[in-house]
A.B. asks: 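Here it is, the structure in full.
In what follows, chains are A, B, ... by sequence order, proteins preceding strands, each numbered from 1. Every heavy atom of this structure was used, including side-chain atoms; hydrogens, water molecules and symmetry mates were not. Values in this document were obtained by computation on a predicted structure and should not be read as measured data.
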Protein chains: 2
Amino acid sequence: MKALFLRRIQKLDPDSRPLELMETQITVPGTGEVLIRVAACGICHTELDEIEGRLRQNRKSLTKRLAFCKLPWKGFHWKAGHHMAVTIYDVARHAGVGIGTVSRAMNNSTKIRPETKARIRKAVRELKYRPHALARALALQKTGLIAILLPVFTGYFYIELLKAIQREISQHGYDLVLYSILQSGRTGPCLRRILKERRVDGVLVLSLQIPDAVAQLFRRSGLPVVLADGMHQKLDSFFVENEQGAFEAASYLIAMGHSRIGMIDARLSSPPAHSRLIGFRKALAAHHIPWDPGSLIISDTVSEKDGFNREAGYEAMKRLLALKKNRPTGIFISSDIQAAGAVQAIREAGLGIPDDMAIVGFDDIELAEYLGLTTMHQPLSEMGETAVHRLIQRIGDPDLPVLHRGFETRLVIRQSCGGSRQGASQSLNGARS
Amino acid sequence: MKALFLRRIQKLDPDSRPLELMETQITVPGTGEVLIRVAACGICHTELDEIEGRLRQNRKSLTKRLAFCKLPWKGFHWKAGHHMAVTIYDVARHAGVGIGTVSRAMNNSTKIRPETKARIRKAVRELKYRPHALARALALQKTGLIAILLPVFTGYFYIELLKAIQREISQHGYDLVLYSILQSGRTGPCLRRILKERRVDGVLVLSLQIPDAVAQLFRRSGLPVVLADGMHQKLDSFFVENEQGAFEAASYLIAMGHSRIGMIDARLSSPPAHSRLIGFRKALAAHHIPWDPGSLIISDTVSEKDGFNREAGYEAMKRLLALKKNRPTGIFISSDIQAAGAVQAIREAGLGIPDDMAIVGFDDIELAEYLGLTTMHQPLSEMGETAVHRLIQRIGDPDLPVLHRGFETRLVIRQSCGGSRQGASQSLNGARS
DNA sequence: CTGAAAGCGCTTACAG
DNA sequence: CTGAAAGCGCTTACAG
């Protein structure tokens, strides 16, 4: 296998004419591979053919050298980066100007004569030139990239958020770099790395907690961070009013006539889980319903995960159903995905929803509609858009004051509490049909 | 508002001692803003405080100048990039070596003395140095980024795929840049842009068709592309055996005793939709069941989308149910999400599944389990992993031969055809309960 | 308005 | 083994 490797030497010798071959040499690494290295001055992408022609003419000398190495000549072969990319130098030469002028033409500088600009634009079109993003970023100290951190795709919840974020961000000319966090403990290290690597202009953090030390670091560095579905005192934060939502959810169960009300929550170290419990208890208190610790199940026993998953909801509901006395008749479940598991457990027990057990979820993921689940809707798109908007603002001015804003949830009534406005005809008691 | 702007001048004067202030000057732009520009030679991050101290000592001269501009002195204020990042120069000076040596120490070069390396490592730790990703990428011609193109998050389908891809890719030390394609026509332009910008080392394309001209361009450029859930003759492609899957799905309906079998498909310009129709028809033919064009509904009439969505499935099923004569008793639906819509239509018509209408879906998204939907499972994780693996390989050697590989689907039997092995107790005929 | 040059922060042949 | 220098492909004060 042969390789002809063209290498551009820009300033090797300012006086050398363009296209002049500076050297040819042969190296023979391990497996009989032959590398012919040709350094030429000011090679332009569009001139590669000419270069190759010259080399062909020069072939006898190459062949001689190859023979010396006891290797046959088998023709030319371009190395990996087959076609060299067009650079600003190519454009400059093609248009007969300096590279600075090309740059000004590309960046809509005012300090350029219209005719010059037009000429350069034409060259750009002809060579199909487009600036190398990295080089531009390095010179500009601006990458055009935004990092987004999120817990492993737990699925449904993030789709709507991501969609809104992606739409908004690309509208502002940015691209998104995805960092998915496998364990919550990795959030800090990941952020530190992002900060140091300086590959992005800003960071969007979804549903993750940021250690104070890291928040501090970001503030000092001036690299903007915005939280969505999360909260940090020192950073822009957009969050769902979990407490208000849980309060409403529980109040609704009470309004539907339930007096023994339980809750299935996720691990309390998760801020939403924590707030939802608080809202739940406040609702009970507001309605003078006594608090029974026995009817609160933290569904994080199943795995090392935070408990926001179907299996956890399933197990938790089974434990609730096993309660001998004072079994609740209404349950507030801290997420729809847990509720899905809970529904399964209720079905398997041969019980009916809402007759034997009423449930209210939280999130309003698409699945909730299929389940006929009454739940709290979160305004995820709105939150995502707002967060992006703020991030863009802050990239423009890192010294903006910190902004916190909550988004209220909204009760969506379906069938799982019996209070459907459309009647219970679509209830989900498949098990009893 | 004041700003003290520190600017590093590296080679301004090779003889100037470190920390020497080279100039101080004041500019007064528009709104009474004062910019004090201080260029110093070889300022190190860890020495900023010292610099500031000197400036403070020099304050009287600054104050004088400010007074000249009729502006009060209000102390120092660091400009945006508050803390300057640590560079390789800082480390080199801290360790008393050249920057080349630092680089070698960072990159595990063999050509470095262990003691030197240890000393540099220590400096790195002390200064918390980490290379600037962009600069490194520019010098190395390797960005550590992989682009992933996918149609707008239609949701469920891509979660599993993305999860597998993300896992695999980060294992190889890459990060993912997300490009979501709003209209399929944007695929080409987006790819061209990615190619030209050279921000990534490779491209993963999900479910999108690549124009021949663009494929050609990529081949010539040497930037690796791999397709997952898609196919192009000239590019590595990993795809689901849609035809085989549709064949099996239809065969299953036939085996369940149906002889009037319909299909709901998506727009046929979508390759999977097309293949699934072919597989479907082949199954009919194989079992000598006559083909009735009236019982095929292409569900793309609802919007400009491709038809792979719930609303489209809903409308399509309504049209099928409206059939006066020869109404099918079994339907193969080209995606689970359409099937979800179809289920709703069947329910609303007061019909039962599978008694009045049996359905088989395709995809096996999580929703299918809740719906009790019998469907074709796609090995998405496996396909995602394989695609990434190939991409990494190809980044290592762009001249690898083109690889194509199909992944077989698997029938998952639930309740929607009545053939459940667990009995029909969990069937979804909520409408009739 | 324009070109030449310094700089963005790294890597790596080259010459000790 | 190590330092000095050229190069990666751009932008932008600076000096005409």
A.B. asks: Nearest whole angstrom, please: distance from the C1' of D:dG3 to the CZ of B:Arg104.
C.D. replies: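 Computing the B:Arg104:CZ to D:dG3:C1' distance gives 8 Å.
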
A.B. asks: Rounded to whole angstroms, how far apart are CZ on A:Arg119 and P on C:dT2?
C.D. replies: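 Between P of C:dT2 and CZ of A:Arg119: 8 Å.
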
A.B. asks: Indicate the atoms forming the closest heavy-atom contact of A:Ile120 with A:Ala105, along with that distance.
C.D. replies: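 Scanning both residues completely, I find the closest heavy atoms to be CG2-CB, 3.7 Å.
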
A.B. asks: Answer yes or no: side-chain N or O of A:Arg198 and base N or O of C:dG9 forming a donor-acceptor pair under 3.5 Å.
C.D. replies: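 Under the 3.5 Å cut-off, the side chain and the base do not form any donor-acceptor pair.
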
A.B. asks: Test B:Ile146 against every option in B:Asp175, B:Val203, B:Leu176 by the side chain to side chain contact (heavy atoms under 4.5 Å, CB included) rule and name the one that passes.
C.D. replies: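 Testing each of B:Asp175, B:Val203, B:Leu176 against B:Ile146, the sole residue satisfying side chain to side chain contact (heavy atoms under 4.5 Å, CB included) is B:Leu176.
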
A.B. asks: Ignoring hydrogens and geometry, is there a side-chain-to-backbone donor-acceptor pair from B:Arg199 to B:Leu145 under 3.5 Å?
C.D. replies: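 No; zero donor-acceptor contacts below 3.5 Å.
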
A.B. asks: Tell me the interatomic distance from B:Ile88, atom CD1, to C:dC8, atom C1', rounded to whole angstroms.
C.D. replies: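 Taking CD1 of B:Ile88 and C1' of C:dC8, I get 14 Å after rounding.
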
A.B. asks: Output yes when a side-chain donor or acceptor of A:Asp90 lies under 3.5 Å from a complementary backbone atom of A:Thr87, and no otherwise.
C.D. replies: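 Indeed, once roles are kept as given, a pair shorter than 3.5 Å links the two residues.
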
A.B. asks: Would you find a donor on one side and an acceptor on the other, under 3.5 Å apart, between the side chain of B:Thr143 and the backbone of B:Ala137?
C.D. replies: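 Checked: no pair found.
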
A.B. asks: Using a cut-off of strictly less than 4.0 Å between a heavy atom of the residue and any atom of DNA chain C, enumerate the qualifying residues of residues 132-144 of chain A by number.
C.D. replies: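 Within this stretch, A:Leu138, A:Ala139, A:Gln141 sit under 4.0 Å of the strand.
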
A.B. asks: What's the gap between D:dG16 and D:dT12 when it is taken at their C1' atoms, as a whole Å value?
C.D. replies: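 It works out to 16 Å between them.
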
A.B. asks: Using whole Å, what does the distance between atom P of nucleotide D:dG9 and atom CZ of B:Arg199 come to?
C.D. replies: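 After rounding, the gap between these two atoms is 16 Å.
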
A.B. asks: When the nearest nucleotide of DNA chain D is assigned to A:Pro131 and to B:Ile112 on a heavy-atom basis, which residue is associated with the more 5' position?
C.D. replies: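 Checking each residue's closest nucleotide, the 5'-ward one belongs to B:Ile112.
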
A.B. asks: Starting at CG of B:Leu127 and ending at C1' of C:dG9, how long is that distance when rounded to a whole Å?
C.D. replies: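 It works out to 15 Å between those atoms.
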
A.B. asks: Should we count NZ of A:Lys122 as having more than 12 external heavy atoms under 6.0 Å?
C.D. replies: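 No, not enclosed.
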
A.B. asks: Starting at atom CD1 of B:Ile99, determine the distance to atom P of D:dG7, rounded to an integer number of angstrom.
C.D. replies: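 Nearest whole value for this atom pair: 15 Å.
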
A.B. asks: Kindly say whether B:Lys128 contributes a backbone atom to a donor-acceptor pair with the side chain of A:Lys196 at under 3.5 angstrom?
C.D. replies: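 Here the side-chain-to-backbone pair exists.
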
A.B. asks: With sequence neighbours left out, write down each residue that passes side-chain contact (heavy atoms from CB on, under 4.5 Å) with A:Arg186, or none if nothing qualifies.
C.D. replies: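 For A:Arg186, the residues satisfying side-chain contact (heavy atoms from CB on, under 4.5 Å) (neighbours in sequence not counted) are A:Ile181, A:Gln183, A:Pro189.
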
A.B. asks: By nearest atom, which of the nucleotides C:dC10, D:dT2, D:dC10 is closest to the B:Thr101 side chain?
C.D. replies: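 Closest nucleotide to the B:Thr101 side chain: D:dT2.
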
A.B. asks: For DNA chain C, what dot-bracket results from Watson-Crick or G-U pairs at under 3.5 Å, with [ ] for crossers and | for inter-strand partners?
C.D. replies: |||.||||||||.|||

A.B. asks: Could you tell me the separation between the OH atom of B:Tyr129 and the P atom of C:dG9, rounded to a whole number of Å?
C.D. replies: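 After rounding, the reported distance stands at 10 Å.
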
A.B. asks: Which part of the nucleic acid does B:Thr116 contact within heavy-atom distance under 4.0 Å: base, sugar-phosphate only, or nothing?
C.D. replies: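 Sugar-phosphate only.
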
A.B. asks: Ignoring backbone atoms, test whether B:Arg113 places a side-chain nitrogen or oxygen under 4.0 Å from the OP1 or OP2 oxygen of D:dT2.
C.D. replies: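 Looking at the OP1 and OP2 atoms of D:dT2, one of them is under 4.0 Å from a side-chain N or O of B:Arg113.
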
A.B. asks: Keeping B:Arg130 on the side-chain end and A:Glu197 on the backbone end, is there a donor-acceptor pair under 3.5 Å?
C.D. replies: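 Checked: no pair found.
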
A.B. asks: What's the CD1-P distance between A:Ile120 and C:dG3, to the nearest Å?
C.D. replies: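 Rounded to the whole Å, the gap is 8 Å.
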
